[in-house]
Amino acid sequence: MSCLFCKIVRREVPASIVYEDDRVLAFNDINPQAPTHVLVIPKRHIETLNDLTPDDDQIVGELSRRAAAIAAERGIAASGYRVVFNTNRDAGQTVSHIHLHLLGGRSMEWPPG
Ligand code: 5GP
Ligand code: ZN
């Protein structure tokens, strides 16, 4: 499997890991766009949000709750943060393994560019 994030899960590519359990991995983005920029991923390869099935409802919930927990640890839960699943070309998805961006530590614009 040539997927970059699967390689990070298998420790074939190094990453700054901030959380791990049996199903979820979270690591700092290599090119951070905010003081906190963490990617929260399922260990199981799922290409895009379009590929989710009802069997994935649990893992998507876990990704969301983990992002909120990391935001709390970083002290940005109350001030605010953004979570994003970029999906396919128009949203700028560059890695085809779903990842929840957790961005925070600065104020952000809406709508995004
Ligand atoms: P996307 O554009 O697909 O939504 O997000 C992919 C993210 O992965 C980007 O924010 C990019 O900086 C990050 N990224 C790409 N390659 C690596 C890598 O090797 N290590 C880490 N930690 N992040 C990466
Ligand atoms: Zn993968």
Side-chain angles (χ1 to χ4, degrees):
M1 174 82 79
S2 62
C3 169
L4 173 63
F5 288 174
C6 284
K7 287 181 177 169
I8 288 176
V9 168
R10 296 196 300 261
R11 305 298 204 274
E12 293 167 14
V13 169
S16 169
I17 291 170
V18 301
Y19 177 83
E20 178 169 29
D21 64 27
D22 289 348
R23 296 170 303 283
V24 173
L25 189 70
F27 49 94
N28 289 313
D29 196 291
I30 205 167
N31 182 24
Q33 301 301 311
T36 287
H37 188 175
V38 174
L39 302 175
V40 187
I41 71 167
K43 287 188 167 178
R44 185 160 52 84
H45 182 84
I46 304 169
E47 287 202 0
T48 79
L49 227 58
N50 296 336
D51 302 299
L52 293 175
T53 73
D55 286 346
D56 300 316
D57 288 358
Q58 168 96 16
I59 189 68
V60 172
E62 289 182 22
L63 299 179
S64 303
R65 291 207 311 114
R66 184 51 48 193
I70 295 168
E73 281 170 22
R74 304 279 177 105
I76 58 172
S79 53
Y81 56 92
R82 185 169 291 169
V83 290
V84 179
F85 282 114
N86 289 325
T87 302
N88 284 339
R89 184 187 59 242
D90 276 359
Q93 183 178 4
T94 59
V95 179
S96 294
H97 179 137
I98 63 170
H99 44 282
L100 191 56
H101 292 261
L102 164 62
L103 295 145
R106 64 170 173 82
S107 71
M108 277 171 254
E109 308 284 319
W110 190 265

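What you are looking at is a predicted structure, and each value in this text was computed from that prediction instead of being measured. As the structure lists them, so they are numbered: ligands from 1, and atoms in each ligand from 1. By convention here, the first residue in the shown sequence is residue 1.
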Subject >> Pairwise distance CD(Q33) to CZ(R106) - rounded to 0.5 angstrom >> reply: 7.5 Å
Original post:
Under a heavy-atom criterion of less than 4.0 Å, does G92 contact ligand 1?
Top reply: yes
Subject >> Identity and separation of the nearest protein heavy atom to atom 19 (O) of ligand 1 >> reply: L4 CD2, 3.7 Å
Original post:
With atoms numbered from 1 as shown, which atoms in ligand 1 lie under 4.0 angstrom from a non-hydrogen atom of N86?
Top reply: 4 (O)
Original post:
Between D57, D56, D55, which is the residue that forms a side chain to side chain contact (heavy atoms under 4.5 Å, CB included) with I59?
Top reply: D56
Original post:
Backbone N or O of L63 within a donor-acceptor pair of the R23 side chain at under 3.5 Å?
Top reply: no
Original post:
Of all N, O or S atoms in H45, which has the smallest distance to the Zn ion (ligand 2)?
Top reply: ND1
**OP:** For atom 3 (O) of ligand 1, find the nearest protein heavy atom and state the residue, atom name and distance (0.1 Å precision).
**Re:** T94 N, 2.7 Å
**OP:** Return the orientation label for the H37 and H101 ring planes: parallel under 30°, perpendicular over 60°, tilted otherwise.
**Re:** tilted
Original post:
For atom 4 (O) of ligand 1, which of H101, H37, Q93 has the closest heavy atom?
Top reply: H101
Original post:
For F5, is the nearest heavy atom under 4.0 Å from an atom of ligand 1?
Top reply: yes
Original post:
Nearest protein heavy-atom contact for atom 23 (N) of ligand 1: which residue, which atom, what distance?
Top reply: I30 N, 3.3 Å
**OP:** Give the residue, atom name and distance (to 0.1 Å) of the protein heavy atom nearest atom 1 (P) of ligand 1.
**Re:** H99 NE2, 3.1 Å
Original post:
To which protein heavy atom is atom 22 (N) of ligand 1 closest, and what is the distance rounded to 0.1 Å?
Top reply: N28 O, 3.0 Å
Original post:
Is the count of non-hydrogen atoms from other residues, nucleotides or ligands lying under 6.0 Å from R65 atom CZ greater than 12?
Top reply: no
Original post:
Could you give the distance from CG (L103) to CE (M108), rounded to the nearest 0.5 Å?
Top reply: 5.5 Å
Original post:
Is E47 reaching over with its side chain to a backbone N or O of H45, donor-acceptor style, under 3.5 angstrom?
Top reply: no
**OP:** Looking at H97, pick out the N, O or S atom nearest to the Zn ion (ligand 2) and give its name.
**Re:** ND1
Original post:
What heavy-atom pair brings P42 and H97 nearest, and what distance separates the two atoms?
Top reply: O-NE2, 2.8 Å
Subject >> Heavy-atom donor-acceptor pair, K43 side chain to E20 backbone, under 3.5 Å >> reply: no
**OP:** Could you check which of D29, V84, N31 puts a non-hydrogen atom nearest to atom 11 (C) of ligand 1?
**Re:** D29
Original post:
Looking only at distance, does V95 have an N or O less than 3.5 Å from an N or O of ligand 1?
Top reply: yes
